[in-house]
2 protein chains.
Amino acid sequence: MQKVVTLKDVASVAGVSLATASRVINGHAGVSAQNRAKVEEAIRKLNYSPNAIARSLATGRTGTISLIIVQEDPIVPTTWSHELPIIQAIHDTVKTQNWELQITMCSYREFRQPSFLPHHLSRGTVDGVLILSAWLVERHVVAELKAKGLPFVIIGAHDPDYEAFCVEFDNTEAVRSLVKHLRSEGHETFALIGGAPDQLHMEARVQGFVSALQDCGLPIWNQLIEYGDWNVESGYALMQKLIQRKPRPTAVICGNDYLAVGAMQAIAESGLRIPEDIAVVGFDDTVVGRVTLPKLTTVRPPLTQLGRLGAERLVQELVGSAADGDRRVVLPCEVVIRASSKVQTNQTNQKEAYRP
Amino acid sequence: MQKVVTLKDVASVAGVSLATASRVINGHAGVSAQNRAKVEEAIRKLNYSPNAIARSLATGRTGTISLIIVQEDPIVPTTWSHELPIIQAIHDTVKTQNWELQITMCSYREFRQPSFLPHHLSRGTVDGVLILSAWLVERHVVAELKAKGLPFVIIGAHDPDYEAFCVEFDNTEAVRSLVKHLRSEGHETFALIGGAPDQLHMEARVQGFVSALQDCGLPIWNQLIEYGDWNVESGYALMQKLIQRKPRPTAVICGNDYLAVGAMQAIAESGLRIPEDIAVVGFDDTVVGRVTLPKLTTVRPPLTQLGRLGAERLVQELVGSAADGDRRVVLPCEVVIRASSKVQTNQTNQKEAYRP
DNA sequence: AGTATTATTGAAAGCGCTTACAGCATGAGT
DNA sequence: ACTCATGCTGTAAGCGCTTTCAATAATACT
């Protein structure tokens with residue numbers, strides 16, 4: 001427990017006042033070159049580094065951003081393939097701009113509790129908030145944040161009134177593209193499976209699904225939507241059900257790659273072929289989709305971009321340079337077509353399996 | 001930007017002094033029931049919540065723990081399957097004990113730079129540090145932390161002199177168990193593949209590999225160890241090489257499940273059977289190992305326990321209740337035997353595929 | 001009744017830093 | 001020579017909270 005060096009020590013060693021030393025630390029103008037050098041010398045000699053807490057108290061700014069990661073309840077680590085690139089991007093963006101990141105995780109059940117946010121944020125330890133969620137951010141949460149005067153950005157979701165700045169990716173359009181692709185492969189009977197419909201992703205995808213089918217002029221009555229969990233087991237179980245239906249869907253859009261893998265297992269087991277009898281597509285472009293046989297057609301959401309844009313926006317707001325253009329940014333997804341939805345005409349897909 | 005309520009406001013509304021109000025907030029004894037009630041009433045009325053920054057400055061404690069996540073360089077999100085349960089456990093443990101978590105990620109290249117840690121931690125914003133790494137934590141890093149008087153715990157790695165408290169899992173023993181299992185299946189020619197040997201995991205596994213083979217009385221000269229990356233592609237490439245070798249290994253231990261998946265693809269492509277011709281085992285028990293055909297034998301490290309124990313230990317140290325028993329905790333891994341290493345004798349493995 | 005404890009209380013001194021504000025040179029403008 | 005900017009510097013007043021210490025009131029003891 002060594003003696004902690006304070007600005008006062010620096011000032012006295014440099015032979016100047018506290019104020020002058022402080023000015024040098026903060027790079028303020030109006031210090032003679034001579035004194036500046038003396039202070040810098042003292043800082044080096046004493047190995048001084050400023051106490052961020054004291055600075056925060058004096059300035060009212062903390063230089064840290066809170067990232068709240070809202071998760072399923074109960075929390076399942078498996079689903080994280082999605083969040084990780086976003087978090088990484090947020091982290092890098094925030095750090096690059098010299099802010100600290102304070103991360104908290106909670107289930108969406110906790111998050112929506114009226115007492116949760118105040119408890120977490122009233123402490124004066126953060127300047128702004130990033131909310132990473134797949135669920136609607138409810139009105140009272142937005143209201144609480146606004147009441148505190150805390151700038152915030154929602155990533156991956158939005159609030160009911162679109163009052164807050166949010167950045168999302170276009171689930172609806174992604175599914176529409178998928179349907180279009182599958183339609184061009186000749187399919188007429190579709191199914192959509194996914195986790196609980198409380199996630200905004202799912203809601204938007206259902207919308208895209210329905211609207212795309214309508215656009216194609218296909219009858220809606222025999223297009224199926226089934227809900228389960230977001231994992232392999234659920235994909236397997238839901239697919240088993242779908243196989244029994246008449247007419248049997250020939251193209252299945254899965255809410256993520258895990259569901260798709262489960263679905264593929266169920267199809268393979270029933271003796272049907274992929275994609276000849278049933279085409280399967282996933283979502284998220286995780287590594288599992290590259291190790292299945294056949295490889296999985298999937299959707300690659302712009303996760304890194306999502307995180308970066310959200311974080312950049314918050315930082316802009318914090319430094320006061322926020323051009324308030326659109327409050328809602330919706331980024332397009334990329335559809336990655338592989339063998340699970342397309343009858344092969346050459347070896348391309350086969351090769352890709354080993355050098356993705 | 002509403003008027004921020006301070007303790008002073010509470011005190012004046014309650015008609016008591018600042019000191020008394022503070023005592024009530026902190027649950028100190030020596031306040032009359034009457035005054036306590038008045039203060040509590042005022043707090044409720046004003047919706048007051050204490051400013052953590054000011055409190056930190058006054059007490060010298062911040063109530064936050066820094067988690068430094070050391071990663072590959074460059075950072076590859078794929079490998080995170082490993083870290084995630086640990087982080088989750090750390091988070092939950094820390095939160096449960098009413099501490100805040102501040103997370104920072106960096107590459108191990110950054111981490112070992114002499115200036116990195118001071119820059120990050122000299123700010124007085126954290127009380128203790130958790131280092132999550134797969135690489136050796138070098139002497140100078142330990143020295144810097146000690147010089148600052150900051151308690152810290154290393155999770156997943158250790159320092160060269162075992163001076164710091166660390167919690168790891170037993171890679172060596174895990175590989176030994178794997179070899180023993182494979183030996184009992186009749187294998188005599190082994191191979192070990194993994195990522196770069198700079199990770200402590202790999203080093204320990206090589207040790208276990210060599211020592212186990214010696215214990216079995218098997219000749220070392222034809223037992224192969226190959227290094228690559230930690231991903232599917234690398235597993236594929238390394239396995240292709242191994243298949244050419246004479247004698248050809250009949251059992252391959254892969255550094256993680258992704259490598260194993262790649263290896264399985266290479267084997268399948270060459271027309272060999274798993275596990276009859278070549279047995280494959282992985283590491284980490286990720287979801288990919290459950291979707292391959294055959295399903296993958298793998299090692300399940302006690303990740304949650306690792307995170308929990310490390311965090312608990314740090315918290316103990318911070319509150320001064322640390323019983324200084326062993327500085328090094330090494331947890332055993334669980335070997336999960338599935339079809340990729342064991343010729344099936346019944347349907348158990350088959351069934352497991354759909355309800356893991 | 002008188003003294004010794006004990007229980008409550010508030011004034012005030014920080015924690016380490018920033019930032020008006022005022023003071024004092026110095027050089028420029030008239 | 002006198003006023004006015006201008007540039008640099010230090011004093012001191014906080015930021016919102018904790019905590020020591022002395023003061024006071026209440027109670028116990030001889």
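In what follows, chains carry the letters A, B, and so on, assigned in the order in which the sequence lines appear, proteins first and then strands, with residues in each chain numbered from 1.
For A/Ser22, taking side-chain heavy atoms from C-beta onward, the closest of the listed nucleotides C/dT18, C/dC17, C/dA20 is C/dT18. Nearest nucleotide to the A/Thr6 side chain, out of D/dC17, D/dG10, C/dG16: C/dG16. Comparing atom distances between the B/Ala19 side chain and each of C/dT19, C/dA11, C/dT9 picks out C/dA11 as nearest. Taking only side-chain atoms of A/Ala58, from C-beta outward, the nucleotide of C/dG10, C/dC17, D/dT9 with the closest atom is C/dC17. Listed candidates were C/dG16, C/dC17, C/dG10. Nearest to the side chain of B/Leu57 is C/dG16. Of the candidate nucleotides D/dC17, C/dG16, C/dC17, D/dC17 has the atom nearest to the side chain of B/Tyr48.
With a 4.5 Å cut-off on side-chain heavy atoms, B/Ile69 and B/Thr104 do not count as touching. The side-chain heavy atoms of A/Ile154 and A/Asp159, taken from C-beta on, include a pair separated by under 4.5 Å. Looking at heavy atoms from C-beta onward, A/Pro50 lies in side-chain contact with A/Arg55 at the 4.5 angstrom threshold. Annotation: side chain of A/Ile90 is in contact with side chain of A/Leu67 (closest heavy-atom distance under 4.5 Å). In this structure the side chain of A/Asp9 reaches within 4.5 angstrom of the side chain of A/Thr6, judged on heavy atoms. Two residues are said to be in side-chain contact when any heavy atoms from C-beta on lie closer than 4.5 Å; B/Met105 and A/Lys95 fail this criterion.
What separates CZ of A/Arg23 from P of C/dC17 is a distance of 15 Å, to the nearest Å. The CG atom of A/Leu18 sits 16 Å away from the P atom of C/dA20 (whole-angstrom rounding). For the pair B/Arg61 CZ and D/dG16 C1', the interatomic distance rounds to 16 Å; values are reported in whole Å. Between the CG atom of B/Asn51 and the P atom of C/dC15 there is a distance of 18 Å, given to the nearest Å. In this structure, A/Arg55 atom CZ and C/dC15 atom P are separated by 19 Å, rounded to whole Å. Straight-line distance from the CD1 atom of B/Ile53 to the P atom of C/dC17: 14 Å, rounded to whole Å. Whole-Å rounding puts the B/Leu7 CG to D/dT19 P distance at 12 Å.
In this structure, B/His158 and B/Leu136 approach most closely via the heavy-atom pair O-CD1, 3.4 Å.
Phosphate contact (OP1/OP2 of D/dG10, side-chain N/O of A/Thr20, threshold under 4.0 Å): present. Phosphate proximity of C/dT18 to A/Asn26: present, with a side-chain N or O under 4.0 Å from OP1 or OP2.
A salt bridge is absent between A/Arg139 and A/Glu163: the closest approach of a Lys/Arg side-chain nitrogen to an acidic carboxylate oxygen does not fall below 4.0 angstrom.
For A/Arg313 and A/Phe165, the positive end sits near the middle of the six-membered ring, less than 6.0 Å away and at most 45° from its axis.
Taking the six-membered ring where the residue is Trp, A/Phe169 and A/His82 present tilted rings, their angle falling between 30° and 60°.
Residues of residues 28-36 of chain B having a heavy atom closer than 4.0 Å to DNA chain D, listed by number: B/His28.
Residue whose closest nucleotide on DNA chain C sits further toward the 5' end, between B/Thr59 and B/Ser17: B/Ser17.
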Find every protein N or O atom lying less than 3.5 Å from an N or O atom of nucleotides 26-28 of chain D, and list the pairs.
none

